[in-house]
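Lettering follows sequence order; numbering is per chain, from 1. Values reported hereafter were calculated over all heavy atoms of this structure, with side chains retained and with hydrogens, waters and symmetry mates removed.
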2 protein chains.
Amino acid sequence: MAKPFLLGVLGGMGPLATLDFQHKLLDATPAQSDQHHLPSVVWNVPQIADRQKALAGVGPSPLPQLLEGIEKLNQAGASHIAIPCNTAHHWYSQLSAASDAPILHIVDATLDALLTSAKKPERVGIIATKGTLDAGWYQQRLAAQGIESITPTEDELAEWFVPGCYAVKRGKLAEGGELLALQAQALMARGAQQLVLACTEVPVALRAVDAPFLSLTHDPAQSLAERCSRLWQDHRLTQLA
Amino acid sequence: MAKPFLLGVLGGMGPLATLDFQHKLLDATPAQSDQHHLPSVVWNVPQIADRQKALAGVGPSPLPQLLEGIEKLNQAGASHIAIPCNTAHHWYSQLSAASDAPILHIVDATLDALLTSAKKPERVGIIATKGTLDAGWYQQRLAAQGIESITPTEDELAEWFVPGCYAVKRGKLAEGGELLALQAQALMARGAQQLVLACTEVPVALRAVDAPFLSLTHDPAQSLAERCSRLWQDHRLTQLA
């Protein structure tokens, strides 16, 4: 017998982004009653080593805590796992190796959504942590499609992106949103026609300041939520058949 | 060694109310970084028998599914459990008996908050499911404090409360809010000076329609979240000491 559908969410990175992802799951799922909504178990434990600092070599690795979350979600019966944090995908292969439940990759979900959208862009800006940028996940997959990536400079990261993200983590959404909007506008000034907001704090903050360019952005957490919801809807249809 | 602090949330009743409770946990906790926020594991599985129908004798009991959630949260290491659904507290004693982790009672948290607020009311209206009203939890504890309870009539429940709640569950917040505001106004017209919104759908919906009497209401999910957050903050202080 196949395992019953249960989405495990490895959250806590940060706790607000984890809630934002759960809202996206609800919104992505057509439902006439509670029972139609996707069943999930959410590990929202923010006592986890800072991913940005770990990748910058100035802090401990979050891998032991990430593995603990993966273990708990598997024990709870997760049939699939989603991680609404781009940077945490740095440890994707180790987490996948330790998980019975398949882990949906946030970059796959985002690029699939971007490439099936109406007009294929020539240049895409990527707002992300240094760890995500250095890993090159988005850049490599965009290049394979003939799309150029525009990424923040070191100075921009230090001036806008990093303080913007930490402001969001302190609950200062407007302050974070203003800094992150400056980062976004700099990428567009250098030719980006669309933006991937590849850090889960960014879309939350840009919505808080009602940034005028939101329609040009792709939110990986949104793409991941939509992929999870489609899996659940397919599962329900199979059960009804 | 004491079990590490981990709040288990038995959610899914409904999934939106479970998110609302998680927001309240975040808002109730002063935090300068992700790591200061309360760690939680959330069982948000809405495939659970309808509580209102079960208590009306026209549907199966949700108890087996509630027990499964309690078991999963204990297995995941929950040190405390919260259930952001008033009606589910009908099964509180069976769930407590099956749980190693103590379950915080939503009615205790709400009444403690109401009785420590500035001005003790003479009459309190209770907006709740028939199951919660018949159980009498709020009425009995209010009576013990010399406070009279004003409760919806059967006709009001059928005309306003029940369709209002199910509208929220379908995602129709404005429609639900308008119906539930009529219910609230009827209790105030009969003398209620304050209102306990003892069904987790109600405050969500009344905020969606920006109901003018919100300052006179008590939200049990809010009281429960504040109690959970205080426990976490006390735990953190103990660790720092």
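- Of the inter-residue distances, the one linking A/Ile106 atom CD1 with A/Cys85 atom SG reads 7.5 Å to the nearest 0.5 angstrom.
- From B/Leu10, atom CG reaches atom CG of B/Leu95 across 7.0 Å, with rounding to the nearest 0.5 Å.
- Here the closest non-hydrogen pair linking A/Pro152 and A/Leu133 is CD-CD1, 3.8 Å.
- Residue B/Leu7: no heavy atom, backbone or side chain, is found under 4.5 Å from chain A.
- In plain terms, the two heavy atoms of B/Ala184 and B/Leu195 that are nearest each other are CB-CD1, 3.7 Å.
- Chain A forms more heavy-atom pairs under 4.5 Å with one residue of B/Val41, B/Leu6, B/Val9, B/Leu25 than with any other, namely B/Val41.
- Put simply, CG on B/Leu206 and CG on B/Leu214 are 6.0 Å apart, with the number rounded to the nearest 0.5 Å.
- We find the CG-CG distance between A/Leu197 and A/Leu180 to be 9.0 Å, quoted to the nearest 0.5 Å.
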Under 3.5 Å, what donor-acceptor pairs does chain B form with chain A?
{"unit_1": "B/Gln22", "atom_1": "OE1", "unit_2": "A/Gln22", "atom_2": "NE2", "d": "3.0"}
{"unit_1": "B/Gln22", "atom_1": "NE2", "unit_2": "A/Gln22", "atom_2": "OE1", "d": "3.0"}
{"unit_1": "B/His23", "atom_1": "NE2", "unit_2": "A/His23", "atom_2": "NE2", "d": "3.0"}
{"unit_1": "B/Asp34", "atom_1": "OD2", "unit_2": "A/Lys169", "atom_2": "NZ", "d": "3.0"}
{"unit_1": "B/Gln35", "atom_1": "O", "unit_2": "A/Gln47", "atom_2": "NE2", "d": "2.7"}
{"unit_1": "B/Gln35", "atom_1": "NE2", "unit_2": "A/Ile48", "atom_2": "O", "d": "2.7"}
{"unit_1": "B/His37", "atom_1": "O", "unit_2": "A/Gln47", "atom_2": "NE2", "d": "2.7"}
{"unit_1": "B/Ser40", "atom_1": "N", "unit_2": "A/Asn44", "atom_2": "O", "d": "3.0"}
{"unit_1": "B/Ser40", "atom_1": "O", "unit_2": "A/Asn44", "atom_2": "N", "d": "2.8"}
{"unit_1": "B/Val42", "atom_1": "N", "unit_2": "A/Val42", "atom_2": "O", "d": "2.8"}
{"unit_1": "B/Val42", "atom_1": "O", "unit_2": "A/Val42", "atom_2": "N", "d": "2.8"}
{"unit_1": "B/Asn44", "atom_1": "N", "unit_2": "A/Ser40", "atom_2": "O", "d": "2.8"}
{"unit_1": "B/Asn44", "atom_1": "O", "unit_2": "A/Ser40", "atom_2": "N", "d": "3.0"}
{"unit_1": "B/Gln47", "atom_1": "NE2", "unit_2": "A/Gln35", "atom_2": "O", "d": "2.7"}
{"unit_1": "B/Gln47", "atom_1": "NE2", "unit_2": "A/His37", "atom_2": "O", "d": "2.6"}
{"unit_1": "B/Ile48", "atom_1": "O", "unit_2": "A/Gln35", "atom_2": "NE2", "d": "2.8"}
{"unit_1": "B/Lys72", "atom_1": "NZ", "unit_2": "A/Ala76", "atom_2": "O", "d": "3.2"}
{"unit_1": "B/Ala76", "atom_1": "O", "unit_2": "A/Lys72", "atom_2": "NZ", "d": "3.2"}
{"unit_1": "B/Lys169", "atom_1": "NZ", "unit_2": "A/Asp34", "atom_2": "OD2", "d": "3.0"}

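- Shown here for B/Cys228 and B/Phe21, the closest heavy-atom pair between the two residues is SG-CZ, 4.3 Å.
- The heavy-atom pair separating A/Gly176 from A/Ala205 by the smallest distance is C-CB, 4.1 Å.
- Your options are A/Pro15, A/Gly11, A/Gly69, A/Gly14, and the one with the most heavy-atom pairs under 4.5 Å with chain B is A/Pro15.
- Interface check for chain A: of the options B/Pro46, B/Gly77, B/Gly171, the most heavy-atom pairs under 4.5 Å are formed by B/Pro46.
- Among the candidates A/Leu38, A/Val45, A/Ile48, A/Leu19, the residue making the largest number of heavy-atom pairs closer than 4.5 Å to chain B is A/Leu19.
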